[in-house]
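Just below is one structure, and these are the notes that go with it.
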Number of protein chains: 2
Amino acid sequence: MPYRLNHSRQRNLILAILAERDHASARDLHGVLAEQGHRVSLGTVYRNMRLFCKMGLAEARYFGDQVQYDYTASKGRHDHLICTLCGQIVEFDDPEIGRLRRAVAETHGFSLLKEKLDLYGLCAVCRERKGPRPVRQGVLRPAALT
Amino acid sequence: MPYRLNHSRQRNLILAILAERDHASARDLHGVLAEQGHRVSLGTVYRNMRLFCKMGLAEARYFGDQVQYDYTASKGRHDHLICTLCGQIVEFDDPEIGRLRRAVAETHGFSLLKEKLDLYGLCAVCRERKGPRPVRQGVLRPAALT
DNA sequence: CTACTTGCAAAACGTTTGCATGATT
DNA sequence: AATCATGCAAACGTTTTGCAAGTAG
């Protein structure tokens, strides 16, 4: 069942925003589109993101309790450092950690398919202020970290 | 606001199962309770799990796309190796990985609050069989890994 | 007696889906 | 013309919540 992926106004818009923002939930995308005056239904956002993931353009990840799509088209594998206050996400890749992970998997007889390392904490800015300076809220439900 | 945590039939039952099973979703817990002939409402399970998490007895984690509670009362911090076919979960702790993680966080000016490393793959048994031998299904939605 | 718990059913939330319509090739 | 994409609203599964009744301390 060969599948032909067409172009479409909404599809291009979504990709453009994704490329800029790097990480975004379906709601985020839908919101940005709305702000820009583009009407794209939420369902379409979800459908397209699922397609993009299937094609390797993006990856779905659970940050806290909501799915965020990570635009991977131009990036290699990497992990995340997430500020629990402002929601900032920093990507990093430590080859040494990667090696150790593979070793652990092997030790336990697993063949690795996917790895996910998320570090949660306070970024320098938020810690400095000692108070919340939420840039983007709702990243984590209370239950997720408490 | 000091909070007094009481004993209750349902609360003890949930804890007992959790201690045995180590990892379980709210639904799992509710199901096991039902099998044992104990009527505990799903809402109560959720409410209690939230409390347990808040008290450090358990931890909520997203395995694939569903929340599983990890009973941590008697365990130190650890990571997970998850078989995407049978759902088996192996816990491990590699101090070296832990050290490197802390180093990465520091490099980026983050103060670490919580770390989460999940490795997904095929366990030895499932790989051997080269076919699914699902012990517990529905662990991952197609979208989660594809 | 007061504070904490429960069951129940309703509501909220994020995500998926069916279907008729519209766009792309 | 055939296939693919969209909007909309309904459907779904999971988690939360309001409330009245019950239980522990």
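Residue numbers begin at 1 in each chain, while the letters A, B, ... track the order of the sequences.
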I'd like to know if B/Asp94 pairs up with A/Arg101 as an ion pair, taking the criterion as any Lys NZ or Arg NE/NH1/NH2 lying under 4.0 Å from an Asp or Glu carboxylate oxygen. no

Round to a whole Å and report the spacing from CG of B/Leu42 to P of C/dA12. 19 Å

Taking the side chain of B/Thr44 as heavy atoms from C-beta outward, which of C/dG7, C/dA3, C/dG14 is closest to it? C/dG7

Please check: side-chain N/O of A/Thr72 versus main-chain N/O of A/Leu57, any donor-acceptor pairing under 3.5 Å? yes

Going by heavy atoms closer than 4.0 Å, what residues in residues 6-14 of chain A are next to DNA chain C? A/Asn6, A/His7

Between B/Leu29 (CG) and C/dT6 (P), how many Å, whole number? 14 Å

I need the NZ-P distance between A/Lys54 and D/dA5, as an integer number of Å. 12 Å

Closer than 4.0 Å, any side-chain N/O of B/Tyr46 to the OP1 or OP2 of D/dT16? no

Considering only side-chain heavy atoms of B/Val40, which listed nucleotide, C/dT15, C/dG7, D/dT15, is closest? C/dG7

Round to the nearest Å and state the distance from A/Tyr62 atom OH to C/dC13 atom C1'. 13 Å

Do other residues, nucleotides or ligands put more than 12 heavy atoms under 6.0 Å from A/Arg39 CZ? no

What pairs with B/His80 under ring-ring contact (aromatic ring centres under 6.0 Å, His included), at least two apart in sequence or on another chain? B/His23, B/Phe63, B/His78

Using atom NE2 of A/His38 as one end and atom C1' of D/dT6 as the other, report the distance to the nearest whole Å. 16 Å

Drop me the distance from A/Gln88's CD to A/Ile82's CD1, to the nearest 0.5 angstrom. 10.5 Å

May I ask you to decide whether A/Arg61 forms a salt bridge with A/Asp118, counting only side-chain N to carboxylate O separations under 4.0 Å? yes

Euclidean distance, atom OH of residue B/Tyr3 to atom P of C/dA3 [Å, nearest integer]: 13 Å

Less than 4.0 angstrom from a charged side-chain N to a carboxylate O is my criterion; do B/Arg77 and B/Glu91 meet it? no

When you match B/Val67 and B/Arg47 each to their closest nucleotide on DNA chain D, which lands nearer the 5' end? B/Val67

Salt bridge or not between A/Lys75 and A/Asp22? Use side-chain N to carboxylate O under 4.0 Å. yes

Evaluate the criterion side-chain contact (heavy atoms from CB on, under 4.5 Å) for residue pair B/Leu81 and B/Tyr120; output intermediate values, then yes/no. CA-CA 6 Å; B/Leu81 208 38; B/Tyr120 295 90; over 6 Å; no

Global bending angle along the helix from C/dC1-D/dG25 to C/dT25-D/dA1, which compares the axes of five pairs at either end, to 10 degrees: 30°

Spacing of A/His30 atom NE2 relative to D/dG7 atom P, expressed in whole Å: 9 Å

With the side chain defined as heavy atoms from C-beta on, B/Arg27 is closest, among D/dT14, D/dT15, C/dG14, to D/dT14

To the nearest Å, give me how far apart CG (A/Leu5) and P (D/dA5) are. 5 Å

